[in-house]
Trainee: 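Below is one structure. I have some questions about it.
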Amino acid sequence: MNQFSLNDDQIAVRDMALAFAADNLAPHALEWDEKKHFPVDVMRKAAALGMAAIYTSEDVGGSGMGRLDAALIFEALATGCPAISAYLSIHNMVSWMIDRYGSPEQRQRFLPTLCTMEKIGSYCLTEPGSGSDAAALKTRAVRDGDHYIVNGVKQFISGAGVSDIYVTMVRTGEEGPAGISTLVIEKDTPGVSFGANEKKMGWNAQPTAAVIFEDARVPVANRLADEGMGFKIAMSGLDGGRLNIGACSLGGAQAALDKALAYTAERKAFGKRIADFQALQFRLADMATELEAARTLLWRAACALDAKAPDATKLCAMAKRFATDTGFAVANEALQLHGGYGYLADYGVEKIVRDLRVHQILEGTNEVMRLIVARDLVGRGNR
Ligand SMILES: CCCCCCCC(=O)SCCNC(=O)CCNC(=O)[C@H](O)C(C)(C)COP(=O)(O)OP(=O)(O)OC[C@H]1O[C@@H](n2cnc3c(N)ncnc32)[C@H](O)[C@@H]1OP(=O)(O)O
């Protein structure tokens, strides 16, 4: 009989990540947020447990697990710190892209140190003038013998300035998606520099900055797959990245709900625990129900992506949109249930709300997720 439940291995993986989050992330998350500290040492500890290359092949040091395992891990890690779980999700996406599209030589050159996080990875698609319309990117790579000369700016890059490896989408040909290629650009390449660390509402435990290319000479040997494949590489990486971010929202929201359950069970008003007021009970019930619904959709999308199902991209977009909207709404409701205390940093709920807000914007806005779903439902029309 199909139990529609996790198997013993999946439960063990989730419990391992939950324990890691409780021991290594949750006790420090508020301090990292306040001090804008990027805890690379802690991420390397996560990497030692196989969480930096969850769905990367084992022959290069990856864990060789599936997307559902990844969803379990990112949700669990986000119960301790959504911003660090989300960074690990980006790093995992980068490792997978090199694993999936790299040559045997490139896989051996880049992946073993990415899997241990001796080297940190970043994903560079967005530019100052192109976010949702990713295929309009302008960063240009012009062939010069066995190198490309790269010029342009990538915007909103997580890990910029700290990361060692920048998987970068560049224009090598015509306008539009068909003229895009993917280069693996190393930090110490002459002509690569970084903007100032952006001041953000949340996600303060990881740096965000521009990456600037000025006549950067990048070996042709660092191009993933053929010229013109870059947009597909970028999009297929994001299918999984979107699931990961959705899982991060679920973990942050679950932690906020757990805090709200503890607070409402302890806080008294009008002579009884506020958890005994039915109006609040119904809100808690809805929060738990909506999280469970989002989790179920996300797991279904994860299985579809692993199975290379024809509707996997659509399901990933549905799951990202639903999990990140639900996660933010649940965390915001948890803040409300804490009354004035929810607004104080020490209670940890406002930090979750700030971290989860950006998940509705990045790795494809939730408007773009609706566009992907709608195109599948009604076709593209005239663009
Ligand atoms: C703190 C910081 C805050 C901000 C942080 C921001 C940083 C980030 O989030 S990084 C990434 C975010 N960016 C995005 O997610 C981009 C969003 N946009 C998109 O996803 C796309 O541009 C989208 C969906 C709008 C479609 O674009 P469009 O130009 O219409 O391309 P489209 O015609 O659909 O596809 C072009 C080709 O790619 C292929 N393709 C599209 N999607 C996929 C996919 N998922 N997998 C494989 N191939 C794909 C298509 O099949 C097509 O190929 P062909 O021409 O052979 O048929």
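As a basis for the values below, the full set of heavy atoms in this structure was taken, side chains included, without hydrogen atoms, waters or symmetry mates. For ligands, and for the atoms within them, numbers begin at 1 and follow the listed sequence.
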Trainee: Would you say CD of Q281 has more than 12 non-hydrogen atoms from neighbouring residues, nucleotides or ligands within 6.0 angstrom?
Mentor: yes

Trainee: Centroid separation under 6.0 Å, is that true for the rings of F194 and Y166?
Mentor: yes

Trainee: Taking 4.0 angstrom as the limit and counting only heavy atoms of S236, give me the atoms of ligand 1 inside it, by number and element.
Mentor: 46 (N)

Trainee: Decide, yes or no, whether a salt bridge links K351 with D355 under the criterion of side-chain N to carboxylate O below 4.0 Å.
Mentor: yes

Trainee: Count the heavy atoms belonging to other residues, nucleotides or ligands that lie under 6.0 Å from CG of N7, then report whether that count exceeds 12.
Mentor: yes

Trainee: Short list, please: which atoms of ligand 1 are under 4.0 Å from a heavy atom of L371?
Mentor: 25 (C)

Trainee: Suppose I only count heavy atoms of R375 and a 4.0 Å limit; which atoms of ligand 1 are within that range?
Mentor: 26 (C), 30 (O), 34 (O)

Trainee: Please confirm whether Q155 approaches ligand 1 to less than 4.0 Å, judged on its heavy atoms.
Mentor: no

Trainee: Check V358 against ligand 1 and report side chain, backbone, both or neither, counting heavy atoms closer than 4.0 Å.
Mentor: side chain

Trainee: Do H91 and W96 have their ring centres less than 6.0 Å from each other?
Mentor: no

Trainee: Taking only residues at least two apart or on different chains, which pairs with a member in residues 58-88 satisfy ring pair (Phe, Tyr, Trp, His ring centres under 6.0 Å)?
Mentor: F38-Y87

Trainee: Below 4.0 angstrom from a heavy atom of A134, which ligand 1 atoms are there? Numbered from 1 as shown, please.
Mentor: 16 (C), 22 (O)

Trainee: Look only at interatomic distance and state if Y123 has a nitrogen or oxygen under 3.5 Å from any nitrogen or oxygen of ligand 1.
Mentor: no

Trainee: Return yes when E198 approaches ligand 1 closer than 4.0 angstrom through a heavy atom, no otherwise.
Mentor: no

Trainee: Within a distance under 4.0 Å of any heavy atom of I372, pick out the atoms of ligand 1 and give their elements.
Mentor: 24 (C)

Trainee: Heavy atom to atom 42 (N) of ligand 1, shortest distance: which of M235, M201, E367 holds it?
Mentor: M235

Trainee: Have a look at G131, P177, S158 and point out the one with the heavy atom closest to atom 16 (C) of ligand 1.
Mentor: G131

Trainee: Tell me whether D239 reaches ligand 1 (any heavy atom closer than 4.0 angstrom to a ligand atom).
Mentor: yes

Trainee: Considering distance alone, does some N or O of W203 sit under 3.5 Å from an N or O of ligand 1?
Mentor: no

Trainee: For atom 54 (P) of ligand 1, which of M229, K232, M169, R242 has the closest heavy atom?
Mentor: K232

Trainee: Could you list which atoms of ligand 1 come closer than 4.0 Å to a heavy atom of L238?
Mentor: 14 (C), 15 (O)

Trainee: What atoms of ligand 1 come within less than 4.0 Å of a heavy atom belonging to F231?
Mentor: 21 (C), 22 (O), 27 (O), 31 (O), 35 (O), 36 (C), 37 (C), 38 (O)

Trainee: Taking atom types as modelled, is there a side-chain donor on E58 or S63 under 3.5 Å from an acceptor on the other?
Mentor: no

Trainee: Checking side-chain polar atoms at under 3.5 Å, does N366 have a donor or acceptor matched by the opposite partner on K320?
Mentor: yes

Trainee: State whether the number of non-hydrogen atoms from other residues, nucleotides or ligands found under 6.0 Å of Q278 atom CD is greater than 12.
Mentor: no

Trainee: Salt-bridge test for K314 and D376: reply yes if a basic N is under 4.0 Å from a carboxylate O, no otherwise.
Mentor: yes

Trainee: With respect to atom 14 (C) of ligand 1, which of G241, G364, P207 exhibits the smallest heavy-atom separation?
Mentor: G364

Trainee: Flag yes if more than 12 heavy atoms outside R300 fall under 6.0 Å of its CZ atom; otherwise flag no.
Mentor: no

Trainee: For Q206, which part has a heavy atom under 4.0 Å from ligand 1: side chain, backbone, both, or neither?
Mentor: neither

Trainee: Going by the order shown, which atoms of ligand 1 are within less than 4.0 Å of some heavy atom of K200?
Mentor: 1 (C)

Trainee: With side chains defined as the heavy atoms from C-beta onward, is the minimum distance between V142 and R140 less than 4.5 Å?
Mentor: yes

